Amino acid sequence: MASPLDAINPDVFKTYVFWSAVLVAKMLLMSPMTAIQRIKNKAFANPEDASAVSNKLKPKLDDPDVERVRRAHQNDLENIPLFFVIGFLYMLTNPAPFLAVNLFRAVAVSRIIHTLVYAVVVIPQPARFLAFTGAMAPISYMTLQTILYFMV
């Protein structure tokens, strides 16, 4: 009996793994980005962190720069795992390699741009909305195609 994994195109799989790893690396960088903003703005969430820098510092939970990076990170945590799951399931539908590869690229590049325009070099709307949509549209498409393919 053949495994459903046998139908996965090796080039599509390789692209999926590559862009998934890029997105994991991007998410891993968000914690140091938050820490840099906390140190730069002396905006520590915990008393022990604040006192490590100066006994006069009190916890500060509302620094706009820190919160912007934290919100970008939270947005990643809410959206990137969806790509990990649906991207893998989409590969089981035996999609056209050109389409699948470019959908994976679009999601990853859009998520990177989203972080850049939200937390690194703040650009006014609709930049963040367009970057968010640039990832959400392919994820939604892959979801719909997967549902239709496996509909019983």
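Note that the structure is predicted; figures quoted are calculated from it, not measured. Residue numbers run from 1 in the order of the sequence given. Computed from heavy atoms alone, side chains included, the values below leave out hydrogens, waters and symmetry copies.
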Please output the side-chain donor-acceptor pairs of residues 136-143 that fall under 3.5 Å, not counting sequence neighbours, one pair per line with the distance.
{"residue": "Ser140", "atom": "OG", "partner": "Met136", "partner atom": "O", "Å": "2.8"}
{"residue": "Thr143", "atom": "OG1", "partner": "Ile139", "partner atom": "O", "Å": "2.7"}

Under 3.5 Å, side chain of Asp63 to main-chain N/O of Asp65, donor-acceptor pair present? yes
Mind checking what makes side-chain contact (heavy atoms from CB on, under 4.5 Å) contact with Ala127, not counting sequence neighbours? Val117, Ile123
Quick one: are Leu116 and Val121 in side-chain contact, heavy atoms under 4.5 Å? no
Under the rule for side-chain contact (heavy atoms from CB on, under 4.5 Å), what residues qualify as partners of Pro126, not counting sequence neighbours? Leu130
Do Leu92 and Leu89 come close enough that some side-chain heavy atom pair is under 4.5 Å? yes
Can you tell me how far apart CZ (Arg68) and CD (Gln37) are? Round to the nearest 0.5 Å. 10.5 Å
Using residues 15-27 as the side-chain source, report each donor-acceptor pair under 3.5 Å to any protein atom, sequence neighbours left out, with the distance given to one decimal.
{"residue": "Thr15", "atom": "OG1", "partner": "Asp11", "partner atom": "O", "Å": "2.9"}
{"residue": "Tyr16", "atom": "OH", "partner": "Phe84", "partner atom": "O", "Å": "2.5"}
{"residue": "Ser20", "atom": "OG", "partner": "Tyr16", "partner atom": "O", "Å": "2.8"}
{"residue": "Lys26", "atom": "NZ", "partner": "Asp76", "partner atom": "OD2", "Å": "2.3"}
{"residue": "Lys26", "atom": "NZ", "partner": "Thr115", "partner atom": "OG1", "Å": "2.5"}

Side chain to side chain, Phe104 and Val12, heavy atoms closer than 4.5 Å: yes
Flag the pair Phe44 / Ile39 as yes when at least one side-chain heavy-atom distance between them is below 4.5 Å, and no otherwise. yes
Kindly list each side-chain donor-acceptor pair under 3.5 angstrom involving residues 95-103, sequence neighbours excluded, with atom names and distances?
{"residue": "Asn102", "atom": "OD1", "partner": "Arg105", "partner atom": "NH1", "Å": "3.3"}
{"residue": "Asn102", "atom": "ND2", "partner": "Phe98", "partner atom": "O", "Å": "2.8"}

Could you list the residues that satisfy side chain to side chain donor-acceptor pair (under 3.5 Å) with Gln145, not counting sequence neighbours? none
Nearest-0.5 Å distance, CG of residue Leu29 to OG1 of residue Thr34: 11.0 Å
Are Phe83 and Leu28 joined in one hydrophobic group, where the rule is that I, L, V, M, F, W and Y side chains link up if heavy atoms are under 4.5 Å apart? yes
Just grab all the side-chain hydrogen bond (donor to acceptor under 3.5 Å, both in side chains) pairs involving residues 79-94, residues at least two apart or on different chains. Asn75-Asn79
Measuring from atom CE of Met30 to atom CZ of Arg71, what distance do you get when rounded to the nearest 0.5 angstrom? 11.0 Å
Any chain of hydrophobic side-chain contacts (each under 4.5 Å) joining Val120 to Ile80? yes
Answer yes if Met91 and Phe150 sit in the same cluster of Ile, Leu, Val, Met, Phe, Trp and Tyr residues linked by side chain heavy atoms under 4.5 Å apart, and no otherwise. yes
Are Val107 and Phe13 joined in one hydrophobic group, where the rule is that I, L, V, M, F, W and Y side chains link up if heavy atoms are under 4.5 Å apart? yes
Quick one: closest heavy-atom pair of Ser31 and His73, and the distance? OG-CE1, 3.6 Å
Are Val122 and Val69 linked, directly or through other ILVMFWY residues, by side chains that come within less than 4.5 angstrom of each other? no
Contact list for residues 126-141, test salt bridge (Lys or Arg N to Asp or Glu O under 4.0 Å), sequence neighbours left out: none
For residues 28-47, which residue pairs pass the salt bridge (Lys or Arg N to Asp or Glu O under 4.0 Å) check, not counting sequence neighbours? none
Would you mind listing every salt bridge (Lys or Arg N to Asp or Glu O under 4.0 Å) that reaches into residues 90-103, with sequence neighbours excluded? none
Would you say the ring centers of Tyr118 and Phe132 fall short of 6.0 Å from each other? no
Would you say the side-chain atoms of Gln74 pair up with the backbone N or O of Glu78, donor to acceptor, closer than 3.5 Å? no
Please list all pairs passing the salt bridge (Lys or Arg N to Asp or Glu O under 4.0 Å) test where one or both residues lie in residues 135-149, with sequence neighbours left out. none
Any residue meeting side chain to side chain donor-acceptor pair (under 3.5 Å) with Glu48, in chain and number order, not counting sequence neighbours: none
